[in-house]
Protein chains: 2
Amino acid sequence: MSADTRRPTMKDVAALAGVSLSTVSRVVNGDPGRPDLARRIQDAIDLLGYERDHTASTLRRTDRASASIGLLVADVGNPFFAAVARGVEEIARERGSVTMVASSDEDPARERELATALAARRVDGLVVVPTDGSPGPARVPTVFVDRPPRYADADTVLTDNFGGAVAAVTHLRAHGHRRIGFLGDRSTLHTAAERLRGYLGSLPDPSPARTDLSSGRLDPSLVRTDLEGSAAAFDAACALLRGDDPPTALFTAQNLITTGAVRALRALGLQHRVALVGFDDLPLADALDPGLTVVAQQPVTLGRAAARLLFSRIDGDRAEPRTEVVPTTLVVRGSGEIAR
Amino acid sequence: MSADTRRPTMKDVAALAGVSLSTVSRVVNGDPGRPDLARRIQDAIDLLGYERDHTASTLRRTDRASASIGLLVADVGNPFFAAVARGVEEIARERGSVTMVASSDEDPARERELATALAARRVDGLVVVPTDGSPGPARVPTVFVDRPPRYADADTVLTDNFGGAVAAVTHLRAHGHRRIGFLGDRSTLHTAAERLRGYLGSLPDPSPARTDLSSGRLDPSLVRTDLEGSAAAFDAACALLRGDDPPTALFTAQNLITTGAVRALRALGLQHRVALVGFDDLPLADALDPGLTVVAQQPVTLGRAAARLLFSRIDGDRAEPRTEVVPTTLVVRGSGEIAR
DNA sequence: GCGGAAACTCGAAACGTTTCGAGTTACCGT
DNA sequence: ACGGTAACTCGAAACGTTTCGAGTTTCCGC
């Protein structure tokens, strides 16, 4: 109701308790001092409902730690990044830090703008999913996650995109498939490029010169990249499956692309004839018919690892920048086990 | 490399430009003053790479606005809340504010703790998804979202849970169903209670005294509440469908419960015989067989509305607390149109 | 060239806190 | 009872910024 009343400050507490400002500060920071004074001060605090202003405290304190970090992702609304955010926040909270999140929407200009906005709030560090036009190294400790930065060599936590793709393609080959289609994301994205590399690397002869169709070696017509979103993937999958000598299996390298391919297979009635392995898990994947076999990432783990690395830097770790790689797991549910 | 160099301050800029501190402040805040000085100051700023400390600025400024808000949800990792967060952040960014998000994990103690942590950072306001044990009204402007607070009457933005449930059940009744099973979440949750109320309200005779089975009026054995998670929903759905006189349709009132029911129907081979409408949309819902008919929420809209309401309060809107209701939409995909 | 207003700049004080050095009190052994 | 020291408290200064009142310069019309 009468909310216009000023927040009480340490000065108010000191006046009410009849002690000096610095004594209140000491007590608030956990050094009891004389028991009777501590008592009076605590009573005054309770009476006034005093709460310490963390920003003013940060300003003066010698370590200047704001107990807050920034998280810059492409889009918090995307479940993958949301899970990363969850992991970051979890570790931050353990450390008593709060997390400021911002979505760059893959726009480098916005990314820069948000990074400086966070830096202006004096965050202790930054966890960043970098966009294509990555900014130079920042003044504040930074750990990159999910994608490496373009120019700097810096602390980075990545999914094993290459290994995951190899596992997917190897799995399909083990079920007899030799003509395996690849549907991938924008090729400028590090993750997309790595997954394509894994796909190419699991073919028996990765030499780009040899493209012997019958042996299951690389056939460029089986590779579709730069698909943006589910609809584009649907179209590409339909075209691939309707073409001459169509693939007997698909590897879809991103979650929206996977859903597009699933729809395409159903639309053509091929969901039980053409095998499919997707990169990144999806809710309901097990409820499909057939169940969807995927290479699952561990986004929460990714976020946790990035945050831990960041806090070790904040704590003064001056070692060389390092890169951590989080493994994937192949989740077998049916769609990937359809034999040729 | 040599990162231990202190950040430049306004004082440094003033010294380099040969002007007073207050002149620098004016220029930084957009009042040019004498052109030659403004020029010298701008050069000094560029040379030093000066960036204004937003926290110190907040401390001194008379409006005390920190240009940051807090968002307290059950779990950012949950796609629904992630979408809410996205909506909130979008509006905040338009206003030049950053968003600090924190996950309460439905724990009232943690909720309180996080709320004070955010308040200590002097956020301008709070958007909160309240837990069961809601805290009293806070000292900082607060808007509740997705669920109403328990004790205060305060600004709130809600999904039309009742209306959505009515739409779902009405839809099923229109396809001839009279025995409709209800599977719901923890009944202490406002959302769960409202959806149950909607279910009950769409039966022809909502009087709890009359439970005429043959007419499709309320049969208590068709209602299962307090299901926590997908597995519990799976079990409950199986039990319901295997019982005597089983329902011919199901209304599942939460997304995890929906996935459990989908699995149960498939496990029993009933997915084409028993109708299903779920509350809250899911990725891949259209790729199921049959496609999953749902009552879709608009979480991003929810977040946007909450943030807009919050900023109007921050801007000094002193009107009575209000409640906004965001409508749902019925997305028809097949599972809800199976006739009796 | 002059008075006066407008436009600008300056220094000091303030925001809420922590830190520092100096001052005060309490306590100990002898 | 005394000196010495440990434990504590106090006031003032500082963190980086904005604000305020007072001082200075600029510019205009006459």
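All values derive from a computational prediction rather than experimental measurement. Here is how names work: the chains are called A, B, and so on, in the same order as the sequence lines, proteins then strands, and each is numbered from 1.
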| said: How would you summarise protein contacts on nucleotides 23-28 of chain D per nucleotide, using B for base, S for sugar-phosphate only and - for none, with heavy-atom distances below 4.0 Å? | reply: ------
| query | Is there a donor-acceptor pair under 3.5 Å between the side chain of Asp105(A) and the backbone N or O of Asp107(A)? | reply | no
| Qualifying residue, where the test is side chain to side chain contact (heavy atoms under 4.5 Å, CB included) with Leu72(A) and the options are Val129(A), Val128(A), Val101(A), Val145(A) | Val128(A)
| query | Hey, are Asp315(A) and Arg95(A) close enough for a salt bridge, meaning a charged N less than 4.0 Å from a carboxylate O? | reply | yes
| query | Is the closest side-chain donor-acceptor distance between Glu111(A) and Thr131(A) under 3.5 Å? | reply | yes
| From Leu59(A) atom CG to Ser57(B) atom OG, the distance as rounded to the nearest 0.5 Å | 11.0 Å
| request: Determine, for nucleotides 11-20 of chain C in 5'-to-3' order, which nucleotides have protein heavy atoms under 4.0 Å from the base (write B), from only the sugar-phosphate (write S), or from neither (write -). | output: B-BBBBBBB-
| said: Is it true that Ser66(B) and Asp124(B) share a donor-acceptor pair across their side chains at a distance under 3.5 Å? | reply: yes
| field | Spacing of Asp36(B) atom CG relative to dC8(C) atom C1', expressed in whole Å | value | 11 Å
| field | Residues Thr188(A) and Asp132(A): side-chain donor-acceptor under 3.5 angstrom | value | yes
| Quick one: do Arg147(A) and Glu106(A) make a salt bridge, cutoff under 4.0 Å? | yes
